[in-house]
Amino acid sequence: MNRRLAPAVNAGSMADIAFLLLIFFLVTTTIQIDSGITKKLPPPVNRENDTFIKKKNLFEVAINQENQLMVEGKVMKLSDLKKVAIAFLDNGAKNCVYCKGSKDSGSSDNPDKAVISLKSSIKTSYATFIAVQNELIAAYTVLRNREAKRLFGKTFIAMEQDLKDVSYLANKANVRQRIRKIRSMYPQKIMEAELNE
Amino acid sequence: MSKFNKKKSGELPAISTASLPDIVFMLLFFFMVATVMRQNTLMIENKLPYADQIEKLDKKDLVMYIYAGKPSSRYRASAGNQARIQLNDKFAEVGDIKAFILAERAAKREELIPFLTTALKVDGETNMGLVGDIKSELREVQALKINYTTRTGDAVDNLK
């Protein structure tokens, strides 16, 4: 009656099995990109132009079929766009106590009135459109960050992150209210339209 | 004779591969956690543009995806060279978008419908004409929340 021990199982092929699984997952899955520029489209109303925007409150950006950029009638490089957009939004000729711009009467009255119109041709490439869009939003972000820092000692981006952060312990309603306040100081008004040529 | 057969003392011992499965399993678990199963087989080229002013879409079940771009090389012969729209696993026309959005909405619970977002995954080389058509279709079915899906990076890289 000799009780034999069970022989050790050879684990040499374990690595092969694991490799097989690994390669299966590598092939069938993707790292999903789920971030981007969020926008809200205007609702479909067929009304005549009943909203009148003064020319000085309108910042016209146009991209032609050659992907060239024209801002307020002048050809411009993409790298300069953010600076010019900030100057326009922050001009504050009328009723704006927090604006730090040049208070030029030929430019926008205040950030609430200022509207950016982004026109693109049918042949414009999507990449260029996104690049321009990104620069315009960056202009808003810079101004919002500045005001948030001044009023609440924290940048706008940091406040938005706090709101999404699950482990953020302080009062979220408070943060939400602050974000709303900053948003109302520099409301994002970007119109997208097609360039008719 | 045994003098000549003597084993060389300088020989290296074999490296133990006992921990190899552990390493591979570690990689496996990393990929299982960090990736998701492909939902749609892409039939188009989809090189997304770069942007840095981005927001994350965190609720995956509230996102509807519309892809657009040039058909990838296998489908060139049947689908042509021009940029096309892809909905689910098929090429689609601009007119199909409305039906797609309505079908997606019907599949969701009613209280979630106002929070639905449409993610536009459009190839960087696509013309804005197509994107404009997609947008006007979305406006007509009141799918107003959209997201231009981009990769994280400097916007200037788009122009190269």
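A, B, ... follow the sequence lines: proteins, then strands. Residue 1 opens every chain. From a predicted model like this one, the values you see are computed outputs, not experimental measurements. Side chains included, hydrogens not; waters and symmetry mates left out as well; all remaining heavy atoms used.
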(message) Take a 6.0 Å sphere around CD1 of Ile86(A) and say whether it holds more than 12 heavy atoms from other residues, nucleotides or ligands.
(response) yes
(message) I need the residue from Phe25(B), Phe30(B), Phe29(B), Tyr50(B) with the largest number of non-hydrogen atom pairs under 4.5 Å to chain A.
(response) Phe25(B)
(message) Less than 4.5 Å apart, side chain to side chain, heavy atoms only: is that true for Arg84(B) and Tyr75(B)?
(response) no
(message) Would you say that Asp22(B) contacts Leu20(B) through its side chain, given a criterion of any heavy-atom pair below 4.5 Å between the two side chains?
(response) no
(message) Which atoms of Ile37(A) are under 4.5 Å from chain B, going by heavy atoms: the side chain, the backbone, both sets, or neither?
(response) both
(request) Could you look at Asp34(A) and say if it's the side chain, the backbone, both or neither that has a heavy atom under 4.5 Å from chain B? (result) both
(request) Select one option (side chain, backbone, both, neither) describing which atoms of Leu26(A) are under 4.5 Å from chain B's heavy atoms. (result) side chain
(request) Heavy-atom pairs under 4.5 Å with chain B are the metric here; pick the option from Asn134(A), Ile137(A), Ile122(A) that has the most. (result) Asn134(A)
(message) For the interface with chain A, which of Val131(B), Ile146(B), Leu57(B), Leu138(B) has the highest count of heavy-atom pairs at distances below 4.5 Å?
(response) Ile146(B)
(message) Could you check whether Asn147(B) and Thr38(A), counting side-chain N and O atoms only, form a donor-acceptor pair closer than 3.5 Å?
(response) yes
(request) Answer with side chain, backbone, both or neither: which region of Gln142(B) has an atom nearer than 4.5 Å to a non-hydrogen atom of chain A? (result) side chain
(message) Is there a continuous path of hydrophobic side-chain contacts, each under 4.5 Å between heavy atoms, that joins Val175(A) to Met185(A)?
(response) yes
(request) Would you mind checking which part of Glu160(A) comes under 4.5 Å of any heavy atom in chain B, side chain (CB onward), backbone (N, CA, C, O), both or neither? (result) neither
(request) State whether Arg76(B) and Glu45(B) are salt-bridged, where the test is any N-O pair (Lys NZ or Arg NE/NH1/NH2 against Asp/Glu carboxylate O) under 4.0 Å. (result) yes
(request) Identify the two heavy atoms, one from Val132(A) and one from Leu69(A), that lie closest to each other, and give their separation to 0.1 Å. (result) CG2-CD1, 3.7 Å
(request) Flag the pair Asp162(A) and Lys154(A) as a salt bridge only when some basic side-chain nitrogen lies within less than 4.0 angstrom of an acidic carboxylate oxygen. (result) yes
(message) When you compare the side chain of Leu143(A) with that of Thr141(A), does any pair of heavy atoms fall below 4.5 Å?
(response) no
(message) Between Tyr140(A) and Tyr186(A), does the ring pair (Phe, Tyr, Trp, His ring centres under 6.0 Å) criterion hold? Intermediate values first, please.
(response) CA-CA 7 Å; Tyr140(A) 279 104; Tyr186(A) 287 103; 7.6 Å; no
(request) Assess whether atom NZ of Lys172(A) is packed by more than 12 heavy atoms of other residues, nucleotides or ligands within 6.0 Å. (result) yes
(request) With a 4.5 angstrom heavy-atom cut-off, could you sort out which part of Ala18(B) is near chain A: side chain, backbone, both or neither? (result) neither
(request) Count the heavy-atom pairs under 4.5 Å between each of Asp133(B), Leu130(B), Ile54(B), Leu144(B) and chain A, then report the option with the highest count. (result) Leu144(B)
(request) Please look at Ile23(B) and chain A and tell me whether the side chain, the backbone, both or neither of the residue comes under 4.5 angstrom of a heavy atom of that chain. (result) neither
(request) Sort by residue number and list every member of residues 88-126 of chain B having a non-hydrogen atom under 4.5 Å from chain A. (result) Leu120(B), Lys121(B), Val122(B), Asp123(B), Gly124(B), Thr126(B)
(request) Against chain A, work out which of Thr150(B), Val63(B), Leu48(B) has the most heavy-atom pairs shorter than 4.5 Å and name it. (result) Thr150(B)
(request) Could you tell me which portion of Tyr65(B) (side chain, backbone, both or neither) has an atom closer than 4.5 angstrom to a non-hydrogen atom of chain A? (result) side chain
(request) Heavy-atom pairs under 4.5 Å with chain A are the metric here; pick the option from Thr152(B), Asn127(B), Asp154(B) that has the most. (result) Asn127(B)
(request) Check whether any side-chain heavy atom of Phe24(A) sits under 4.5 Å from a side-chain heavy atom of Thr28(A), and report yes or no. (result) yes
(message) Given the ring of Phe156(A), does Arg144(A) sit roughly above its face, with NZ or CZ under 6.0 Å from the centre of the six-membered ring and within 45° of the axis?
(response) yes
